[in-house]
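See below for the structure under consideration.
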Amino acid sequence: MNEIIRNTLAGVANGSLDPQDWSEFRALAHRMLDDAIDGIANVRARPVWQPIPDAVRAAMRTDLPREASDLAEVYREFCEHVAPYATGNVHPGFMGWVHGGGTAVGMVAEMLAAGLNANLGGRDHMPIEVERQIVAWMRGLFGFPQGASGIFVTGTSMANLMAVLVARTSALGAPARQYGIGNDGALFTAYASKAAHGCISRAMDIAGFGTDALRKIDVDADHRIDVAALRAQIAVDRDVGFEPFLVTASAGTVDIGAIDDLKAVAELCRAEGIWFHVDGAFGALAILSSEVAPMLEGIELADSIALDFHKWGQVPYDAGFLLVRDGERHRQAFAQPAAYLGREARGLAAGTVWPCDLGPDLSRGFRALKTWFTLKTFGTDRLGAVIARSCALAKYLETRVLAEPRLELLAFVNLNIVCFRYRADDAVNREIVADVQESGIAAPSSTTLDGKFAIRAAIVNHRTAESDIDALVAAVIKFGAQRTGELIEVEAPPLAAQ
Ligand SMILES: Cc1ncc(COP(=O)(O)O)c(C=O)c1O
């Protein structure tokens, strides 16, 4: 044996990375699981979020670890330096952006998926069948035909981008994948409302059309796309030689949760021969609630729908999803022959359409498992009830804001998002948001509506209760009064009692 090889083998007594002592590992792993469960069960005892101390940030900056460390020591670092300073969206007081709360069920499903370490790019194995089952469920839920396809992705930003790419190939034909969008593609135009999420415009950039090719259509007083203005813009564009190819409607705008008139947009797209995509990042799953679902009328007419299970679906991050009515068009946008990915009649390489034919990823984790566990364990009725309750809580917050003279409501409450502010200027309200976040009592985010800075509460977490809404209102008033020098003292409820 060559000396270098002999020395190397001698240096690594056991080449495998498996534990040397399984029972020691098992005991520690059980403790980790217990701690993780306790972390969720006792989440109310912690602040929603807390700023990262400089010392903790500094402790994370170390050299690349060339030497091994004890797992217990690495776990201790995680407990001290990572876990306490996470985003906080597990906490019922988290109301910022659109973050789901996750569940203990999703957490253990994620652990089971990690144990299988399956690669869902393709091949013939049961984890792919789990993903296919969810595609079939979504097909049924949204009234899509049998030939519809679907795929898990990171999130709706990616799903929206992929929808633009599918619509692009569908309109330009498969050769565009070889030659690029060329002169024909340079004339392509897409449409979304001014309230649409910024990732739509970014998708147009990444897909090679440029952001100017996205026409941002005015919204009505309820923040819904002005369908007459959309129709007029399409006509103007056609008149001057542009090629309208895609409309993205919002099923739940990021600022206030407005839902475009999906039926009217669908009819317009059908008449014009334009791809109709729905960005349903959080709103699409409202279809699970019989009370909210009627607002989504027309979603079943979409050519594609993007949504996130990790938002209102309460699946742990990340679990975005794209559903495409015409599975063959979906495949044509991404599939690529490769000798090393050949399909066989039998064996592990059997099967026809693999997920790698439906998106840009070849290596793919088992996002479907935590989603499957969540859907099966809770059932869609219960998940739908959580969605309806979030909307009821948003209405409760609206009532509290309207009843409080120091607060001002900035937009009507359509779904689960409430935009309001303390009756003071933008600068004060910006400070209030940071004050409330740093207090650990609640974590709203912010946006700007009609030029005014807004405190924005998006109620997504299934753990959020009326008392959390009361705590948010009390904290905003308390910090608002402090910032404006008003002589009132409103006690925010103590953390543990919220
Ligand atoms: C309406 C809308 N579209 C798209 C996105 C982007 O989704 P993701 O963060 O999963 O990429 C969001 C995120 O909140 C959203 O609210």
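Atoms within each ligand, like the ligands themselves, are counted from 1 in listed order. The analysis underlying the following values was restricted to heavy atoms, covering all of them including side chains, and did not include hydrogens, waters or symmetry mates.
- For D255 and K194, the salt-bridge test fails: no basic side-chain N is under 4.0 Å from an acidic carboxylate O.
- Annotation for ligand 1: atoms under 4.0 Å from non-hydrogen atoms of G252 are 1 (C).
- Of the candidates D318, V254, D279, T156, the one placing a heavy atom closest to atom 3 (N) of ligand 1 is D279.
- Regarding atom 14 (O) of ligand 1, its nearest protein heavy-atom neighbour is K311 CE, 3.3 Å.
- Short contacts between ligand 1 and G155, defined as distances under 4.0 Å to a heavy atom of the residue, involve ligand atoms 10 (O), 11 (O).
- Below 4.0 Å from some heavy atom of S157 lie the following atoms of ligand 1, by number and element: 6 (C), 7 (O), 8 (P), 11 (O).
- In this structure, R231 does not pair ionically with E272, as no charged nitrogen and carboxylate oxygen lie closer than 4.0 Å.
- Distances below 4.0 Å separate heavy atoms of A281 from the following atoms of ligand 1: 1 (C), 2 (C), 3 (N), 4 (C), 5 (C), 12 (C), 15 (C).
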Should T374 and F309 be marked as a side chain to side chain contact (heavy atoms under 4.5 Å, CB included) after you check the CA-CA gap, both sets of side-chain angles, and the distance that decides it? CA-CA 10 Å; T374 302; F309 289 105; over 6 Å; no
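- Using a cutoff of 4.0 Å between basic side-chain nitrogens and carboxylate oxygens, D426 and R421 are scored as salt-bridged.
- Using cut-offs of 30° and 60° for the angle between ring planes, the Y317 and H310 rings count as parallel.
- Counting atoms of ligand 1 from 1 in the listed order, those under 4.0 Å from a heavy atom of D308 are 7 (O), 8 (P), 10 (O).
- Of the charged side-chain nitrogens involved, at least one lies within less than 4.0 Å of a carboxylate oxygen, so that R132 and E129 count as a salt-bridged pair.
- Every atom of ligand 1 is numbered from 1 in the order shown, and the set under 4.0 Å from a heavy atom of C199 is 4 (C).
- Ring pair F188/F245 is tilted by interplanar angle, where 30° to 60° counts as tilted.
- Of the N or O atoms in T253, none lie within a sub-3.5 Å distance of an N or O in ligand 1.
- Between M158 and ligand 1 there is no heavy-atom distance shorter than 4.0 Å.
- Atoms of ligand 1 found under 4.0 Å from any heavy atom of H310 (numbered from 1 in listed order, with element): 10 (O).
- A perpendicular orientation is assigned to the rings of F144 and F142, their planes being inclined by more than 60° (bins at 30° and 60°).
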